[in-house]
Amino acid sequence: MAPSKNSTPEPLRPLLVTSALPYANADIHLGHLLEAVQTDIFVRFQKLLGRAVTYVCADDTHGTPIQLAAIRRGITPEALIAQAYENHTRDYAAFNIGFDIFYTTNSPENRFYAETIYEGLKRNGLIVTREIEQFFCETDRRFLPDRFIVGVCPRCGAADQYGDVCEVCKSTYEPTELKQARCITCGKTPVTRKSTHAFVTLNKCEAFLRQYLTGDVLQEDMRNFIDTWIKDGLHQWCITRDAPYFGFAVPDMPGKYFYVWLDAPIGYLSSSARWCKDQGKNIADYWDENASAEIVHFIGKDIVYFHTLFWPVMLHNAGFKLPSRIFVHGFLNMSGEKMSKTRGTFILARDFAERVAHPQAAEYLRFFFAAKLGATSADMELDPHEFVNRVNAVLANIIGNLHHRTAIFIERSFNGAVPDAAWDASLAATAQEYGKKIEQLYKNVEYKSVVELVQALGTMGNKYFQDKKPWESVKTNPDEAAAVMVTCINIVKACAVFLKPITPNLAAALERQVGFTFAWNDFAFSLRNCKLGPTEKLATPIDIAAFAGIMGPPPADTKALEPPLAPEIDISEFGKTDLRVATIVAAERVKKSDKLLKLQVDLGAEKRQVVAGIGKFYEPEKLIGKQVVIVANLKPAKLMGETSQGMVLAAKDGDKLVLLSSEVLVANGSKIS
RNA sequence: GGCAGCGUAGCUCAGUUGGUUAGAGCAAUGGAAUCAUAAUCCAUGUGUCCGGGGUUCAAAUCCCUGCGCUGCUACCA
């Protein structure tokens, strides 16, 4: 019989910690990093305590978006995710995220566990199959999930709404209810087709979920949240997708694949398995339902549903261990604005690491996150001014300067060796007391309170230094100056140990000076008689100007424009181009072309026909009345048999085209100069 | 639309089961000090605790309502 959870004392129970798996079709941004930093601090703290901790993460590599991204770039999904893997591991490494393994869901282990869990669900009678009707695009030869069709809202008639919810009237509906539906990739009208899918009857698991979630798995606020979902009644969960799909085939359903959200969380399990294999450990000691291990997940509030409802049901029905704790964090906002891909206001981890002009920028971001993180799902604000203020105040001024003024003093007045004297008993007791509190705070992921206490301790050190005036006593009463130095260097060390999970590099600089590596309990002992190595500054101030590289448009010299700038011209050459404002009065698709639209434009004095290659991005009927800019003196040309007397200007944003127009309506035929 | 959460000093946030003059950090102003990274230390807050109504001896805290913001709303990662 395997030991139960309670029979193994906590320090001996292995601990498995995860961050959510980043999706492999995009780069790591500051939001991902917030979670990774939160997790990494937890892991580093537990390791510092001496506990056996494994930090597991992986790329989430399956699903339609990956497949489509690969098609668009003309590469295989495997090549796409390989590239993502490289980028992701590089970006995390730049912020000292210490994974024990960063694997992939596109692995043999993951296929094995996906099939195992599917079998488990089936064995317990939780899988049913049912025929459903879905849109199918005959051009792209695929079924269209709700986000891959757009059309007119069946409730309010708003145009360009996705297949699940109307952004205008907020009503939800079935994709097949959408009017004038069209495929988001090719713009063609889809047909409806029937297909058989597998569903997990989550509704049968209500009692189990209620029981599981009443423990202390979740923060209070999250528990209420989920209660309402359960109260509203759990639905069946569709776990299959039709071919073509990048993922794992369902063993007993030809042409069907596991939905990416089935195999994504299984990545926690399969990556652990791979780590165990590499380390010569036994996976059963971690994930078997009776294993002594504790499993802790860190996730964002956007994926709570999957982790608290689907995931426990999957694990429970296949004989695996349930997570003992799920920490849910909020989102990161930038200077008051939401970080969002669509608004383009999100900052990539790589850009932060490369463009914030300070050698400790990455470490400072870790600190900043920690200084604002508690165990709630509240959103966090990242404002560069606040970042600069907090980092400079605590790391550079209070702790960095206390270290420097102490170390330099010891160097000059005590030959670089910490004097042989006792340290102040009251401050020693305070350090001890803070150590106990901070230990508990780290365990509860209340990092901002950790930072508050460290700051308070650092301030006490500075005050002590200030009050004792060792620069005077060193001349009159060297023994007293010696005691001050011992005390201050010990306080610096305590701060460094306390901060080590948050700012490992800062701690490492002091470790080099004292000549050994800190474990958690090292915050308490005295450095008396310790011979100090050369003094390195622990933290240098950062200036707001360091953020210039990421806050505005990127500076021209950091990155070449893409595509490269054309050769220089003088104004007379530009003058040869006659640009005019025109209003589109009629628009229709050019026959047999997906890209070309035939436009009739009003130039004021005359009307013209212009053919534009924007058919993939604009619907003809939506263009009528729109004012655009055209090249009016372009030599007429024939495109697909249609005459074009000019060219419409559009900006190429990635692979998208966006029409240019004037800020306010102006007279047709207005010249642009 | 439904559900959930939030709205406290210029900024970021604490405020435990309702209980004395509502707190911290940063910023700001003044001062002290000069060992040190122009760093440090001390002093200084007249804040409609989003508005309105209610319960109570007592409300930032509980109830109702209005406004604003955010999230979720499952076959979208």
Side-chain angles (χ1 to χ4, degrees), chain A residues 20-26 60-66 132 134 143 145-148 155 162-166 169-172 174-175 195 197-199 202 221-222 224-229 231-232 234-241 259-261 264 301-306 309-310 330-331 333 336 338 371-372 374 376-383 385-390 392-394 396-398 400-410 412-413 448-449 451-452 455-456 458-459 461-472 474 481 484-485 488 535 537-541:
Chain A
L21 313 189
Y23 200 55
N25 76 339
D60 176 15
T61 57
H62 291 155
T64 313
I66 298 246
I132 57 170
Q134 277 182 289
F143 283 95
D146 58 13
R147 289 280 158 154
F148 285 84
R155 309 270 186 274
Y162 285 118
D164 52 351
V165 58
C166 172
C169 71
K170 305 290 180 195
S171 59
T172 57
E174 291 302 307
S195 179
H197 282 281
F199 293 79
L202 208 60
D221 54 344
M222 279 296 138
N224 297 337
F225 203 62
I226 286 155
D227 273 351
T228 65
W229 284 334
K231 235 181 289 164
D232 289 351
L234 297 164
H235 295 53
Q236 295 188 348
W237 178 36
C238 182
I239 56 162
T240 50
R241 292 294 182 278
Y259 173 43
V260 58
W261 259 113
K301 62 184 181 183
D302 52 332
I303 53 177
V304 169
Y305 205 98
F306 296 96
L309 300 181
F310 301 154
F331 299 140
N333 299 327
K338 203 195 304 195
K372 304 195 75 174
T376 70
S377 54
D379 292 351
M380 184 189 291
E381 195 68 36
L382 170 50
D383 174 68
H385 288 96
E386 193 198 352
F387 183 101
V388 167
N389 285 341
R390 298 207 65 157
N392 287 350
V394 181
N397 300 348
I398 295 177
N401 184 47
L402 177 61
H403 163 257
H404 194 253
R405 71 200 296 204
T406 306
I408 294 291
F409 203 104
I410 291 173
R412 291 184 188 154
S413 302
K448 64 177 161 189
S449 303
V451 170
E452 267 173 36
Q455 177 174 359
T459 296
N462 275 311
K463 179 173 167 51
Y464 179 77
F465 200 118
Q466 196 86 1
D467 291 348
K468 291 286 181 180
K469 304 188 197 310
W471 57 92
E472 287 175 8
V474 72
V484 174
M485 288 307 116
C488 289
T535 300
K537 288 179 177 173
L538 299 187
T540 55

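Per chain, numbering begins at 1; letters A, B, ... match sequence-line order. Values reported hereafter were calculated over all heavy atoms of this structure, with side chains retained and with hydrogens, waters and symmetry mates removed.
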Pairwise [atom1] distance for [N] and [M], with rounding to whole Å:
N	M	atom1	value
U29(B)	U48(B)	C1'	26 Å
U70(B)	U8(B)	P	15 Å
G7(B)	U17(B)	P	15 Å
U20(B)	C67(B)	P	33 Å

- Aromatic plane relationship, Trp237(A) with Phe310(A) - under 30° parallel, 30 to 60° tilted, over 60° perpendicular: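 Rings of Phe310(A) and Trp237(A): parallel, as their planes differ by under 30°.
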Considering Watson-Crick and G-U wobble pairs with both distances under 3.5 Å, what does [N] pair with?
N	result
G19(B)	C57(B)
G25(B)	C11(B)
G1(B)	U73(B)
C6(B)	G68(B)
G45(B)	none
U40(B)	A32(B)

- Rounded distance (Å) that lies between atom P of C11(B) and atom CZ of Arg390(A):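 So the two atoms are 15 Å apart, to the nearest Å.
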Proximity to the side chain of [X] - top-ranked nucleotide from [options]:
X	options	result
Ala396(A)	U70(B), U37(B), U40(B)	U37(B)
Tyr305(A)	U40(B), A36(B), A74(B)	A74(B)
Trp471(A)	U34(B), U37(B), U12(B)	U34(B)

- Query: Across the strands shown, which category fits Pro470(A) at heavy-atom distances under 4.0 angstrom: base, sugar-phosphate, nothing?
  - Reply: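 Touches nothing.
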- Give one of base, sugar-phosphate or nothing for Gln455(A), where a contact means two heavy atoms less than 4.0 Å apart.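 Touches sugar-phosphate only.
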- Message: Is it the case that the base of U12(B) and the side chain of Glu381(A) share a donor-acceptor contact (distance under 3.5 Å, atom types as modelled)?
- Response: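 When only heavy-atom distances are counted, Glu381(A) does not reach the base of U12(B) through any donor-acceptor pair under 3.5 Å.
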- Message: At less than 3.5 Å, do the side-chain atoms of Asn389(A) and the base atoms of A27(B) form a donor-acceptor pair?
- Response: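 A donor-acceptor contact between them is absent.
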- Backbone of Thr240(A) reached by a side-chain donor or acceptor of His197(A) within 3.5 Å: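 Yes, because the side chain of His197(A) sits within donor-acceptor range (under 3.5 Å) of the backbone of Thr240(A).
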- Message: Check the phosphate of A14(B) against Lys448(A), side-chain N and O only, distance under 4.0 Å to OP1 or OP2. Yes or no?
- Response: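 Yes, because at least one side-chain N or O of Lys448(A) sits under 4.0 Å from OP1 or OP2 of A14(B).
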